[in-house]
Amino acid sequence: MTPRTAAAIPIARPQIGEEEKREVLDVLNSGALVAGRRVAAFEAAFAAYLGVPYAAATSSGTAALQVAMLALGIGPGDRVVTSPFSFAATSHAVIHAGAEPVFADVDPATCNLDPNAVEAVLRRGRVRAILAVHLYGLPADMLAFRQLADRYGVLLIEDAAQAHGASIAGQRVGTFGDAAIFSFYPTKNMTTGEGGMVTTANPDVTRRARLLVDPRGDEEYAYEVVGFNYRMTEMAAAIGLVQLRHLDERNEQRREYAARYSNAFADLSWLRTPTEPPGYRHVFHQYTMRVPRHRDAFSRHLTAAGVGNRIYYPRLIPQTPAYRRRGFGGAFPDAEQLTREVLSVPVHPGLSPGDVGAVIDAVRAFQGAGA
Ligand SMILES: Cc1ncc(COP(=O)(O)O)c(C=O)c1O
């Protein structure tokens, strides 16, 4: 990727403190660097935090997605309905499992997969799973997806890479599906450097996931599956244990900053602030506005004012070269409109209240909106 010039107020900044540094040093001094007691402790703590029986750590969110697909038995001949408006690791994992992603349009109010569009795909048949993404930290409509999954006899999988701690009516994401995945990439609401997690209530899925992550298995070198090496390191788990303890307070900080933005922008008719349906807890991995006109001029204005800003995502997965070559494409009018309108501004807990004020001032100072 092309290195970007650092903005005065960056779009993301991982929060790494003295505790994490001490814990990593302890691991290095211990000499036990991989898949040891800290990984086991992190898995147990993460599962307990969510309220789900099992969690299996991986080396990334992408690895967790691949492992979840295979552990659920998804493979050639299967179709998996998912969102075209996500980071491409979501649908890449379906392809890597030998199955076929089928893209359905999103609800423009939430930017998440639209249950009606998903049902239209389910009616056509041959679908094995729904793979819902909790984009920007806002839960997808899991109650509708659970009903659809039960009615059509398909699996439900959650891509919660951006939504640690988000919930619907108090139930945390990562507990609704037959399996779910998380990412601990540095920009996420909590990080381990690189890392991921598969969560599930199914002991067989957990066992298969663990074997795929570390194919040596319980009986050494008696390979039960054709697995990978997707193990989490002890250094990563040591960081994750500390980060998990701070997750709720940091999500609260994100929510507070998001509320300040939404209040400050309420009178600006040229932009739309993010929605949070009743009972949903949005954890604002991103604070993403919609700017129907002049989005790109607005982005340049913010950059000139030193405010980091990004478009997540400027194009739909099925319309990228890798997917077009495989025969994907299709029309997704609502998702396409979002690619032209969305813009995210910094909302992470590394911001000072003064930074938040500076973002508000920069947004409000945009003159091009009335043109
Ligand atoms: C929605 C989504 N899915 C999957 C991933 C993949 O996670 P990772 O970068 O840890 O491989 C990411 C993050 O980058 C993501 O945002």
Side-chain angles (χ1 to χ4, degrees), residues 1 11-12 14 42 46 55-70 80-97 101 103-104 106 110-113 129-140 142 145 157-166 173-174 176-177 179-199 209 212-213 228-233 235-237 239-240 243-244 254 282-288 310-318 320 322-323 335 338-339 342 344 347-348:
M1 295 232 306
I11 188 80
F42 183 39
F46 198 76
T58 63
S59 51
S60 70
T62 301
L65 272 163
Q66 289 177 21
V67 163
M69 294 294 141
L70 297 174
V80 176
V81 198
T82 194
S83 173
F85 190 60
S86 178
F87 181 62
T90 311
S91 52
H92 283 0
V94 178
I95 294 175
H96 284 304
F103 296 99
V106 301
T110 62
C111 305
N112 280 326
L113 205 46
I130 301 167
L131 171 52
V133 184
H134 308 300
L135 200 71
Y136 308 143
L138 177 67
M142 296 316 286
F145 291 132
I157 308 165
E158 298 172 70
D159 181 339
Q162 304 186 0
H164 322 66
V173 303
F176 291 91
I181 74 93
F182 291 82
S183 160
F184 305 120
Y185 185 72
T187 58
K188 299 297 194 279
N189 291 38
M190 59 175 284
T191 186
T192 60
E194 291 275 15
M197 197 72 88
V198 178
T199 60
L212 289 161
V213 166
F228 308 97
N229 166 11
Y230 285 162
R231 290 184 293 260
M232 177 175 274
T233 67
M235 289 78 82
I239 297 171
Q243 291 268 311
L244 183 60
R254 286 175 184 269
H282 193 325
V283 292
F284 291 96
H285 171 58
Q286 299 295 344
Y287 184 90
T288 305
R310 292 287 294 273
I311 299 167
Y312 301 109
Y313 295 92
R315 51 189 66 83
L316 301 184
I317 301 169
T320 58
Y323 280 74
L338 291 178
T339 66
V342 290
S344 302
V347 74
H348 53 83

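Counting starts at 1 for both ligands and their atoms, in listed order.
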Measuring from each atom of ligand 1, which residues have a heavy atom under 4.0 Å away?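 Within 4.0 Å of ligand 1, protein side: Ser60, Gly61, Thr62, Leu65, Ser86, Phe87, Ala89, Thr90, Val133, Asp159, Ala161, Gln162, Ser183, Lys188, Gly195.
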Would you please say whether a donor-acceptor pair under 3.5 Å links the side chains of Ser344 and Thr288? yes
Heavy-atom pair of closest approach, residues Tyr230 and Gln66: OH-OE1, 2.6 Å
Ring-plane angle category for Tyr313 and Phe85, please: parallel below 30°, perpendicular beyond 60°, tilted otherwise.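 Taking Phe85 first and then Tyr313, their aromatic rings stand perpendicular (interplane angle over 60°).
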Residues two or more places apart in sequence or in another chain: which of them pass side chain to side chain donor-acceptor pair (under 3.5 Å) with Ser83?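 If we apply the side chain to side chain donor-acceptor pair (under 3.5 Å) test to Ser83, skipping adjacent residues, there are no hits.
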Do His92 and Leu65 come within less than 4.5 Å of each other through their side chains, counting heavy atoms only? no
Is there a donor-acceptor contact under 3.5 Å from the side chain of Thr199 to the main chain of Gly174? yes
